[in-house]
Amino acid sequence: MDKLLKLLDSNARLTDAQLATMLDISEDEVRRQIAALEKSGAIRAYKAVIDWDKTDRQTVTAIIELKVTPRRDVGFEGIAEQVMAFEEVESVYLMSGGYDLSVRVTGRSFQDIASFVAKRLSTLDSVISTATHFVLRRYKESDVMFLGENQDERGIM
Amino acid sequence: MDYQTLFNRTIAELKPSGIRRFFDIANEMEEVISLSIGEPDFSTPFHIREKGIESLEKGKTWYTPNAGLIALREAISGYVQRHYGMQYDPKTEVLVTVGGSEGIDLCMRTLLNEGDEVLVPEPSFVCYMPLAKMAGATAVPIVTRAEDEFRLTAQALKAAITPKTKLLVLPFPNNPTGAIMRRQHLEEIAEVLRGTDILVLSDEIYGDLTYGGEAHVSFASLPDMQERTVYVSGFSKSFAMTGWRLGYVCAPAPLTQMMTKLHQYALMCAPTTAQHAAIEAMNNGDEDVDMMRADYDSRRRFIVRELRDMGLDCFEPEGAFYVFPSVAVTGLTSEEFCHRLLLEKHVAVVPGNAFGDCGEGFVRISYCYSIRHITEAMRRMREFVQECREKRS
């Protein structure tokens with residue numbers, strides 16, 4: 001199953017037939033394993049890695065460091081759930097070190113994100129402070145290089 | 001000066017490698033997807049690179065002994081025994097070379113005299129013929145065929161042997177076909193050679209890259225064969241170390257001694273930094289090889305299926321990292337196929353006849369590429385094959 005996951009992780013669009021060939025198992029077995037992985041929650045979703053800069057849609061992304069006061073009973077999860085619920089939020093991680101939650105947010109403009117932080121995020125009860133870092137360029141995302149093409153330096157012998 | 005009159009005649013008459021020509025055209029074009037390169041797409045595993053870096057940091061920048069660092073020769077001896085069961089004395093039977101190719105050159109020049117015949121199964125890597133000629137000998141091709149899964153058969157071997165036969169080249173696992181020789185096939189060859197004085201140059205540079213359960217069997221490990229075998233291998237393919245230029249030869253002491261003499265005059269020693277890195281590869285690199293082999297294996301299955309699916313006849317290669325499909329259904333020669341595929345679909349593969357006349361009708365496709373890259377190349381190739389077939393019918 002590890003190998004199947006690795007293949008899907010590198011390219012989720014491989015067909016069941018292609019996966020079966022590469023793993024040397026039957027297509028039925030591929031379908032069975034994928035169903036089991038989906039059911040157990042190991043596979044959460046299938047997504048494309050998109051370079052929005054190559055499209056007409058303008059987006060701005062920021063990574064926001066949140067310091068929060070964990071609440072009695074629910075700890076960090078209660079606040080994480082609140083933050084997750086915002087549709088602008090792409091990812092939420094609980095961090096070790098100098099701050100508590102790392103929140104990745106994408107909007108259409110700097111103003112969008114500024115207003116999201118000022119009006120919605122920082123006003124949550126448990127949030128003590130925020131530090132917003134705007135992403136200037138994406139060089140690599142989800143294992144995919146965005147900077148230049150992957151040059152093949154190999155020559156022919 | 002008229003250089004043409006000044007060259008060594010033998011070298012002036014050698015044909016340049018047929019692999020290169022298409023590469024030169026491809027280089028001029030945009031958006032070319034290549035499946036033509038015969039070296040790993042992986043970089044050298046970092047822990048191996050690190051040992052090279054460390055040796056530089058410590059200032060180990062001198063020559064090594066001619067035959068190579070003794071620690072490396074010991075590690076090679078250990079590796080060969082651990083994986084293939086042969087015993088070679090690191091002091092007298094192991095020589096570290098500048099790539100496997102130097103080993104091939106040394107072996108030929110050390111053994112061959114004017115008039116000797118060297119048997120070379122074809123299709124095979126491009127260097128055997130020219131090197132045999134440079135050593136003054138005559139290279140005699142033995143045709144291997146798709147219906148025999150491109151193996152050398154005892155029958156074909158027997159038919160090629162003459163009183164002048166000095167050396168048999170055994171290029172398995174094979175570039176370009178991906179053919180391998182299992183134990184029983186090697187045993188049939190050994191049986192033909194027993195009782196003769198024919199020596200064997202066993203080029204097992206792809207030995208670590210065989211697929212499908214059974215491990216590679218080295219020719220030298222067969223009963224009585226070690227005494228007649230020059231075992232050539234290296235680090236390039238197994239450990240993704242092509243640029244380090246490091247290989248090795250294992251052979252009976254008198255042969256190794258003679259080859260070392262030549263090596264010492266021509267090369268002094270193999271690159272020192274590479275040797276330090278290679279010790280790490282031999283001693284702690286098995287897992288890396290397993291990982292890369294598993295990766296090649298899934299690409300291999302993927303690409304064979306794609307090729308068969310588009311209607312090309314393709315025998316199942318069990319070694320190296322090449323497939324060698326027939327392009328007969330397109331009605332094109334190897335060269336036409338490669339040329340038009342490049343011009344019309346911008347996909348570069350190598351014509352089979354670059355590896356010997358009997359490679360005509362086939363092309364070599366390398367799977368040293370990511371699945372994404374292979375998928376796109378296969379999509380374009382499928383279109384091309386379809387168009388060719390439609391035109392024919």
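Every chain is numbered from 1 and lettered A, B, ... according to where its sequence line falls, protein lines coming before strand lines.
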In this structure, are over 12 heavy atoms from other groups packed under 6.0 Å from Asp51(A) atom CG? yes

When you look at CG of Asp16(A), are more than 12 heavy atoms from neighbouring residues, nucleotides or ligands closer to it than 6.0 Å? yes

Contact origin within Ala17(A) toward chain B - heavy atom pairs under 4.5 Å: both

Atom CG of residue position Leu343(B) - does it have more than 12 heavy atoms of other residues, nucleotides or ligands inside 6.0 Å? yes

Pick from Asp297(B), Val304(B), Asp41(B) with the largest number of heavy-atom pairs that fall under 4.5 Å of chain A: Asp41(B)

CD of Glu376(B): more than 12 outside heavy atoms within 6.0 angstrom? yes

Given that the side chain runs from C-beta out, which part of Ile303(B) has a heavy atom under 4.5 Å from chain A: side chain, backbone, both or neither? neither

Taking a cut-off of under 4.5 angstrom between non-hydrogen atoms, the residues of residues 22-47 of chain A near chain B are Met22(A), Leu23(A), Asp24(A)

Give, for atom CD1 of Ile371(B) and atom CG of Leu14(A), the distance between the pair rounded to the nearest 0.5 Å. 7.0 Å

If you draw a 6.0 Å radius around NZ in Lys3(A), do more than 12 non-hydrogen atoms from other residues or ligands fall strictly inside? yes

Report the distance from atom CG of Asp295(B) to atom NZ of Lys6(A), rounding to the nearest 0.5 Å. 6.0 Å

Is the number of heavy atoms from other residues, nucleotides or ligands under 6.0 Å of Arg372(B) CZ greater than 12? no

In the structure I gave you, are the side-chain heavy atoms of Cys368(B) and Arg154(A) within less than 4.5 Å of one another anywhere? yes

Are more than 12 heavy atoms, taken from residues, nucleotides or ligands other than Phe134(A), located less than 6.0 Å from that residue's CZ atom? yes

Are there more than 12 heavy atoms of other residues, nucleotides or ligands under 6.0 Å from atom CZ of Arg308(B)? yes

